[in-house]
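Here's the structure, in structure tokens; my notes come after.
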Amino acid sequence: MSRTLAVLYDPQGLIEAELPLDRAPYEALVTAVLAWTDPHLEPCDYEQIALQLTGHARAVAADVQRRASTLSKDSGRRALAEVVLREAEGRLSVPLEATRRCVQNRARPVRALYARLDRLTQSLPPSP
């Protein structure tokens, strides 16, 4: 059996922009993580959850960035999106640690990015 592999060239991320994020499980994870007081997890579990949240936060940030870039430069919604994006990048740029605190600090940008994404989505005019 012969397999053919196709490589897609998508520098603007248009294909990714059309794929919906799997939001519900990550929102549930964020809610659970932020409610932790002392979960007693193994370091590798903290690290895995932090990696999952980091990857998802970056995907949501890309979506927020795409939507914000469609707004005018002097738009208040765009300015707020840029603030949230900078804060998220600041939190995500900190090296990972296998701790509860680190995981919770990865969950906060996911929550903030989704809130901003919802505001940007609400501000868009209806599609034809």
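Only heavy atoms go into these numbers, but all of them, side chains included; no hydrogens, no water, no symmetry mates.
Taking the side chain as every heavy atom from C-beta outward, R106 and R91 never approach each other to under 4.5 Å. With a 4.5 Å cut-off on side-chain heavy atoms, V84 and E82 do not count as touching. Contact of the T121 side chain with the R67 side chain is registered, since non-hydrogen atoms from C-beta on lie closer than 4.5 Å. By the 4.5 Å heavy-atom criterion applied to side chains, Q48 and Q52 are counted as neighbours. For the pair Y46/E97, no side-chain contact is recorded, criterion being any heavy-atom separation below 4.5 Å from C-beta on. With contacts defined as side-chain heavy-atom distances shorter than 4.5 Å, the pair E89/R86 does not qualify. Contact of the W36 side chain with the L41 side chain is registered, since non-hydrogen atoms from C-beta on lie closer than 4.5 Å. For the pair R78 and S72, the minimum side-chain heavy-atom distance is 4.5 Å or more.
Between the side chain of S75 and the backbone N or O of L71, no donor-acceptor pair lies under 3.5 Å. Remark: the backbone N or O of V33 is paired with a side-chain donor or acceptor of Q104 at under 3.5 angstrom.
Separation of atoms CG (L53) and CG (L29) is listed at 4.5 Å; rounding is to 0.5 Å. Rounded to the nearest 0.5 Å, atoms CD (Q122) and CG (L117) are 10.0 Å apart. D22 contributes atom CG, which lies 10.5 Å from atom CD of E27 (distance to the nearest 0.5 angstrom). The line from CG of L120 to CZ of R66 is 12.0 Å long, rounded to the nearest 0.5 Å. For the atom pair CG of D38 and NE2 of H40, the computed distance is 3.5 Å after rounding to the nearest 0.5 Å.
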Checklist line | salt bridge (Lys or Arg N to Asp or Glu O under 4.0 Å) assessment of D118 paired with R23 | finding: CA-CA 12 Å; D118 289 343; R23 184 173 178 162; 2.7 Å; yes
Margin query: Between R119 and L80, is the side-chain contact (heavy atoms from CB on, under 4.5 Å) condition met? List the steps.
Written below: CA-CA 10 Å; R119 298 284 180 143; L80 287 172; over 6 Å; no
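Shortest non-hydrogen contact noted between L85 and A61 is CD2-O, 3.5 Å. The heavy-atom pair separating A98 from P43 by the smallest distance is CB-O, 3.2 Å.
R58 and D63 are not joined by a salt bridge, as no carboxylate oxygen comes within less than 4.0 angstrom of a charged side-chain nitrogen.
Just one residue in the list V103, L92, I49, V110 forms a side chain to side chain contact (heavy atoms under 4.5 Å, CB included) with T54, and that residue is L92.
The cluster map of Ile, Leu, Val, Met, Phe, Trp and Tyr, joined by side-chain heavy atoms under 4.5 Å apart, puts L96 and L34 in different clusters.
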